[in-house]
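Inspection log for the structure reproduced underneath, given as structure tokens.
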Amino acid sequence: MDAQNKVPILLDTDIGSDIDDAVCLSYLLRQSRCELLGITTVSGEPEKRAMLADAICRVEGRPDIPIHAGTGDPLWGKQKQPQAQQGVVLGNWDHRRDFQSNTAVDFLRKTIRSRPHEITLLTIGPLTNMALLFRMDPEIPKLLKGMVMMIGAFTHPLEFVRIPVEWNSYLDPWAAAIVYDSIKEIPNFSIGLDVTEKCTMEAEECRKRLKGGALDLVMEAAEVWFEYSDKITFHDPLAGAAIFNHELISYDDGLVQVETTSPILTGMTIWDTKPEEAVHKVGTKVDSEGFFQEFFSVV
């Protein structure tokens with residue numbers, strides 16, 4: 001495909017915990033329109049997460065993709081996701097082992113500045129790296145083409161009583177608050193549990209359909225995930241696919257704020273649909289069937 005038709009993307013991920021990060025990366029590597037400029041990792045054991053991302057890239061014949069480990073701790077408080085459990089599979093796959101600590105933010109900054117107004121930033125983990133980047137260089141958000149985030153729960157909170165706070169915002173609510181305040185002047189899209197939980201697949205069906213190339217590694221790692229869950233929810237792959245198929249998700253405009261003071265609801269994303277500033281787009285509806293058609297047509 002002509003390079004002019006490709007979408008330059010930087011991926012920030014906490015790959016190695018929930019399996020959907022790895023599934024998303026596999027999709028991006030096989031998406032012919034994706035120009036994956038680099039991968040940065042975040043949350044506990046970021047170097048191990050970088051190794052896992054590298055292993056997936058190598059299986060797909062892409063050892064050239066830059067990968068950088070980011071911060072392992074939230075901006076404040078205790079790390080609630082200290083381990084990358086799926087790293088147990090690394091012994092079976094070729095991967096780099098020499099990742100340095102905390103190189104992600106500098107890499108992101110230099111890459112975005114080298115291609116102003118071209119890059120879409122896709123975040124599928126807690127937003128710690130992004131908050132540090134935007135605080136270090138406040139001009140960076142305006143140099144992006146846009147930002148797509150898998151984060152939050154917005155339009156039907158009563159459906160999520162068991163998990164009133166989405167995991168990525170819960171892991172670092174202070175970072176999420178900084179990011180939402182920083183991206184008011186650029187195109188930004190939040191894809192939350194409201195829509196992602198409508199895209200699920202049972203474990204047995206995943207074992208039958210997710211095969212070949214990097215998906216073999218992903219499914220080996222998925223067996224670690226299946227110790228805790230009997231299905232995969234395609235949170236992150238949906239966010240990735242939405243960049244290339246704009247018909248998958250419908251968005252509404254409004255203002256997102258993040259709760260940072262409540263001891264119980266810290267990290268809750270508060271969605272105001274009638275603010276003075278309607279500066280954030282939030283996904284409100286999803287074409288689940290269309291998503292799986294898009295996903296499997298690529299992988």
Side-chain angles (χ1 to χ4, degrees), residues 1-13 15 20-40 53-54 56-68 104 107-125 130 133 139-150 183 185-191 195-196 199 209-210 212-215 218 234-251 253 280-283 285-299:
M1 178 176 287
D2 192 307
Q4 292 182 346
N5 295 322
K6 291 202 171 190
V7 180
I9 287 178
L10 286 169
L11 175 67
D12 188 68
T13 173
I15 189 170
D20 61 322
D21 294 74
V23 178
C24 179
L25 176 55
S26 298
Y27 168 85
L28 295 176
L29 290 169
R30 294 192 180 186
Q31 169 56 260
S32 61
R33 293 178 56 207
C34 177
E35 183 185 2
L36 189 55
L37 300 178
I39 301 166
T40 55
D54 181 69
I56 292 173
C57 290
R58 286 174 182 271
V59 174
E60 286 295 324
R62 295 299 310 277
D64 57 301
I65 294 177
I67 301 174
H68 288 265
F107 165 75
L108 290 166
R109 179 176 179 272
K110 289 178 179 178
T111 305
I112 293 166
R113 283 197 164 275
S114 72
R115 297 183 64 169
H117 314 296
E118 293 183 18
I119 295 172
T120 297
L121 187 54
L122 173 60
T123 69
I124 56 176
M130 301 303 106
L133 173 65
E139 191 180 3
I140 285 293
K142 295 180 182 179
L143 296 177
L144 291 168
K145 181 179 180 180
M147 190 166 179
V148 176
M149 302 177 287
M150 191 283 119
I183 60 175
E185 298 181 34
I186 67 168
N188 64 88
F189 305 86
S190 296
I191 299 169
V195 295
T196 64
C199 299
R209 302 191 65 181
L210 299 179
L215 288 174
V218 171
F234 287 67
H235 307 286
D236 299 337
L238 176 60
I243 295 174
F244 302 96
N245 186 337
H246 298 162
E247 304 300 317
L248 295 180
I249 298 177
S250 300
Y251 300 91
D253 296 327
H280 303 126
K281 289 185 180 294
V282 162
K285 296 180 182 179
V286 61
D287 178 0
S288 303
E289 182 178 348
F291 161 70
F292 282 113
Q293 289 176 351
E294 162 70 22
F295 178 83
F296 283 106
S297 72
V298 171
V299 304

List the atom of Ser26, the atom of Val218, and the distance in Å for their closest heavy-atom pair. OG-CG2, 3.3 Å
Lys145 side chain near Leu121 side chain, heavy-atom distance below 4.5 Å: no
Determine whether Ile15 and Leu25 satisfy the following criterion, side-chain contact (heavy atoms from CB on, under 4.5 Å), listing intermediate values before the conclusion. CA-CA 9 Å; Ile15 189 170; Leu25 176 55; 4.1 Å; yes
Examine distances only and state if a side-chain atom of Arg33 and a backbone atom of Phe244 form a donor-acceptor pair shorter than 3.5 Å. yes
When rounded to the nearest 0.5 Å, the distance separating CD1 of Ile112 from CG of Leu143 is 8.0 Å
Between Ala242 and His246, the two heavy atoms sitting closest are O-CD2, 3.4 Å
Side-chain donor/acceptor of Arg58 to backbone N/O of Pro63, under 3.5 Å: no
Distance col, row Met147:CE vs Asn188:CG, nearest 0.5 angstrom, shows 8.0 Å
Quick one: closest heavy-atom pair of Ala22 and Ile56, and the distance? CB-CD1, 3.8 Å
Tightest non-hydrogen contact, residues Ile186 and Pro141, listed as CG2-O, 3.1 Å
Under the ring pair (Phe, Tyr, Trp, His ring centres under 6.0 Å) rule, collect the residues that match up with Phe189, sequence neighbours excluded. Tyr251
So which atom in Gly283 and which in Ile249 form the shortest heavy-atom distance, rounded to 0.1 Å? CA-CG2, 3.7 Å
To the nearest 0.5 Å, tell me how far Ile191 CD1 sits from Lys281 NZ. 12.5 Å
Is it the case that the side chain of Thr111 and the backbone of Leu108 share a donor-acceptor pair, with hydrogens and angles ignored and the cut-off at 3.5 Å? no
Once side-chain contact (heavy atoms from CB on, under 4.5 Å) is applied, do any residues pair with Val59, and if so which ones, sequence neighbours excluded? Trp93, Ala214, Leu217
Between atom CG of Leu122 and atom CG of Asp236, what is the distance when rounded to the nearest 0.5 Å? 8.0 Å
Any donor-acceptor pair under 3.5 Å linking the side-chain atoms of Thr13 with those of Asp21? yes
Got Pro66 and Leu37 here, is their nearest side-chain heavy-atom distance under 4.5 Å? no
Kindly indicate whether the side chain of Val148, heavy atoms from C-beta on, has any atom under 4.5 Å from the side chain of Thr120. yes
What I'd like to find out is whether the side chain of Ile140 reaches to under 4.5 Å of the side chain of Arg113, using heavy atoms alone. yes
With sequence neighbours excluded, tell me which residues meet side-chain contact (heavy atoms from CB on, under 4.5 Å) with Asp287. Glu289
Restricting to ring pair (Phe, Tyr, Trp, His ring centres under 6.0 Å), what partner residues turn up for His280, sequence neighbours left out? Tyr180
Any chance you could measure Phe234, atom CZ, to Phe291, atom CZ, to the nearest 0.5 Å? 6.0 Å
Please give me the minimum heavy-atom distance between Phe107 and Thr40, naming the atom from each residue. CD2-CG2, 3.9 Å
Should the pair Glu35-Arg115 be classified as a salt bridge under the 4.0 Å nitrogen-to-oxygen rule? yes
What distance separates Thr123 OG1 from Met150 CE, expressed to the nearest 0.5 Å? 9.5 Å
Determine whether Leu29 and Ile65 make a side-chain contact, defined as any pair of heavy atoms from C-beta on separated by less than 4.5 Å. yes
Apply side-chain contact (heavy atoms from CB on, under 4.5 Å) to Ser250 and list each qualifying residue two or more places apart in sequence or on a separate chain. Thr284, Lys285
Sequence neighbours excluded, which residues qualify as side-chain contact (heavy atoms from CB on, under 4.5 Å) partners of Arg209? Met201, Glu205, Phe296
Is Cys57 close to Ile67 at the side-chain level, that is, under 4.5 Å between some pair of heavy atoms? yes
Donor-acceptor contact below 3.5 Å, side chain His117 vs main chain Lys142: yes
